[in-house]
**Student:** 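Please find one structure pasted underneath; my questions will follow.
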Amino acid sequence: MPVITINGPIGCGSVTIGQMVAQEMNLNFVDRLFFTEASRIVGTPVGALIAKEQRVNRFKDRLGRFVQTMLERSAMSGVSGEPYFGRGIENLPPETYMDLTGEGGGVAQKLDDKTFIDAMSKVAHDLHQQGNAVIIGRGANHILADAAHTLHVGLLAPMEIRVQTLIDREHFEREEAEIHVEELERAREDFVQKFWKVHPNDASHYHMVLNMGKMSPKTAAEVIAHAAGDLTA
Amino acid sequence: MFPEVTLVAPTREDVQRMAEWLNDPEVSTVWYGVGDDGKPLHTGYNPEALLSGSQDDWDHVFSDENRAIFSIYNDDGEHIGEGQLVIEWTLLEARADLLVGRKDLWHHHFGTSGLIGLLDHAFGPLGLHRVWVDVPEYNEPGMQMVQHVGFVVEGHLRKTHRKNDEWYDSSVLGLLAEEYPRRRARLTENAVT
């Protein structure tokens with residue numbers, strides 16, 4: 001009953017490789033379905049969970065940009081002092097405050113960390129109990145770190161490959177793709193750091209890490225399937 | 001260009017046509033198949049039972065806030081199929097079902113047009129966050145269509161659909177409100193060129 005988790009930055013081929021492995025080994029394939037299952041447990045739209053994974057760093061970025069803007073405005077106007085509450089803040093549109101505080105409404109409503117991680121853990125453990133699954137991302141390798149019959153695979157890929165994947169898949173312009181890849185990678189790092197206090201690319205959290213700049217998705221899938229075969233032996 | 005379609009509230013004549021289409025094994029095979037009694041299965045209501053039922057039965061089916069049912073018409077004013085959104089308001093999501101009953105119109109992009117109409121309604125007036133579909137492996141044209149529209153494979157599950165005493169795999173594909181505008185624009189742009 002093997003369970004394989006595959007983690008990597010956006011555009012490195014996790015989904016393609018995961019589908020190949022699932023097909024090859026006749027396993028269930030679970031990508032965003034992980035979140036949709038968790039959203040049913042929590043009883044909230046899936047966007048609230050995706051926001052937890054993908055928007056953590058964006059909030060920090062905005063905060064950083066906000067502080068930077070305030071400092072620059074203060075410097076230009078000769079006003080010193082605490083950038084948050086100092087002069088100049090009135091120049092920001094009201095929606096910026098909502099973005100900064102995460103109270104913008106919509107589906108990305110606030111979801112407390114414990115509820116979120118409890119739901120995520122339940123989905124991961126349920127999938128593990130059922131067995132025979134390839135799980136893409138979502139911190140599953142950390143939740144199932146020491147689970148039996150489970151193979152954790154990390155993927156890496158050069159920036160260029162990841163950007164090209166986004167251009168091909170989403171028809172982004174190059175610059176847009178670069179920004180998207182960088183933002184999501186920072187968000188991924190923040191997500192894993194926040195909940196498991198580690199870096200997602202730390203090889204010690206995987207059975208193996210594959211460099212997708214050096215091999216094709218097909219080869220990677222074959223390597224993973226071969227390694228997972230040991231779990232069932 | 002994709003063919004023009006209109007989504008409207010079903011009439012009794014439409015439901016009668018649905019019953020006739022579903023009685024065609026070629027149509028019911030790509031839909032929900034047949035039940036143990038050999039009769040074609042449909043989702044949300046039984047066309048033949050509804051036609052012989054009361055006005056209350058009719059209202060119950062077509063006024064259900066958790067299920068939006070539309071007849072699909074082409075630009076010649078002909079009824080060609082049906083689309084449904086089965087809504088879970090708590091999660092702001094819906095499962096989309098779509099059937100082009102007119103076999104002579106299969107593979108002419110009427111399904112794509114109908115699906116775009118359903119998605120426009122889901123992400124527009126209904127304000128939903130996610131629309132998903134569950135496509136069994138034997139429905140390859142359906143799979144190609146939803147991926148063409150921009151649905152993303154969220155999961156692929158083994159042996160979840162039973163048909164004619166055999167189990168088949170199925171894929172769950174989803175589309176989020178924030179993903180839809182870009183993919184819709186790309187779809188219509190490509191259709192024009």
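Proteins get letters first, then strands, A, B, ... in listed order; numbering begins at 1 in each. Quick caveat: nothing in here was measured; it's all calculated off a predicted structure.
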**Student:** For A/Gln19, which atoms come within 4.5 Å of any heavy atom of chain B: side chain, backbone, both, or neither?
**Tutor:**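 The side chain, not the backbone.
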
**Student:** Under 6.0 Å between ring centres, would you say that holds for B/Phe151 and B/Trp132?
**Tutor:**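 No: the rings miss the under 6.0 Å criterion.
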
**Student:** Just checking B/Phe2 against B/Phe110, ring centres under 6.0 Å apart?
**Tutor:**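 No; B/Phe110 has its ring centre 6.0 Å or more from that of B/Phe2.
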
**Student:** Other residues, nucleotides and ligands only: do more than 12 of their heavy atoms fall within 6.0 Å of CD on A/Glu176?
**Tutor:**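 Enclosed: over 12 neighbouring heavy atoms sit under 6.0 Å from CD of A/Glu176.
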
**Student:** What parts of residues 28-36 of chain A touch chain B if we use heavy atoms and a cut-off under 4.5 Å?
**Tutor:**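 Against chain B, the residues of residues 28-36 of chain A that fall inside the cut-off (heavy atoms, under 4.5 Å) are A/Asn28, A/Phe29, A/Val30, A/Asp31, A/Arg32, A/Leu33, A/Thr36.
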
**Student:** If you count heavy-atom pairs under 4.5 Å between each of B/Leu157, B/Thr160, B/Val152, B/Asp169 and chain A, which one has the most?
**Tutor:**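 With the most close heavy-atom pairs to chain A, the winner is B/Leu157.
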
**Student:** With only heavy atoms counted, which part of A/Leu27 is less than 4.5 Å from chain B, the side chain, the backbone, both or neither?
**Tutor:**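 Contact with chain B involves the backbone of A/Leu27 alone.
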
**Student:** Using a cut-off of 6.0 Å, state whether more than 12 heavy atoms not belonging to B/His109 lie near its atom NE2.
**Tutor:**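 Not buried by this count: 12 neighbours or fewer within 6.0 Å.
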
**Student:** Carefully, step by step, assess B/His121 and B/Phe70 under the rule ring pair (Phe, Tyr, Trp, His ring centres under 6.0 Å).
**Tutor:** CA-CA 11 Å; B/His121 186 69; B/Phe70 299 98; 5.0 Å; yes

**Student:** Aromatic rings B/Tyr168 and B/Tyr138: how do their planes relate, parallel, tilted or perpendicular, breaks at 30° and 60°?
**Tutor:**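 Rings of B/Tyr168 and B/Tyr138: perpendicular, as their planes differ by over 60°.
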
**Student:** Do B/His42 and B/Tyr32 have ring centroids that are under 6.0 Å from one another?
**Tutor:**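 No, the ring of B/Tyr32 stays outside the 6.0 Å limit from the ring of B/His42, centre to centre.
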
**Student:** Identify which of B/Glu93, B/Arg130, B/Arg182 forms the greatest number of heavy-atom pairs closer than 4.5 Å to chain A.
**Tutor:**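 Option with the top pair count is B/Arg182.
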
**Student:** Looking at the rings of B/Trp21 and B/His79, which for Trp means the six-membered one, are their centres under 6.0 Å apart?
**Tutor:**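 Ring centres of B/His79 and B/Trp21 closer than 6.0 Å.
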
**Student:** What part of A/Asn132 is in contact with chain B, defined as an atom under 4.5 angstrom from a non-hydrogen atom: side chain, backbone, both or neither?
**Tutor:**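 For A/Asn132, there is no contact with chain B at all, as no heavy atom is under 4.5 Å.
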
**Student:** I'd like to verify something: which residue of B/His156, B/Glu88, B/Arg158, B/Arg183 has the highest number of heavy-atom pairs under 4.5 Å with chain A?
**Tutor:**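 Of B/His156, B/Glu88, B/Arg158, B/Arg183, B/Arg158 has the most heavy-atom pairs under 4.5 Å with chain A.
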
**Student:** Taking the six-membered ring for Trp, are A/His205 and A/His142 ring centroids under 6.0 Å apart?
**Tutor:**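 Yes, they do, as the ring centres are separated by less than 6.0 Å.
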
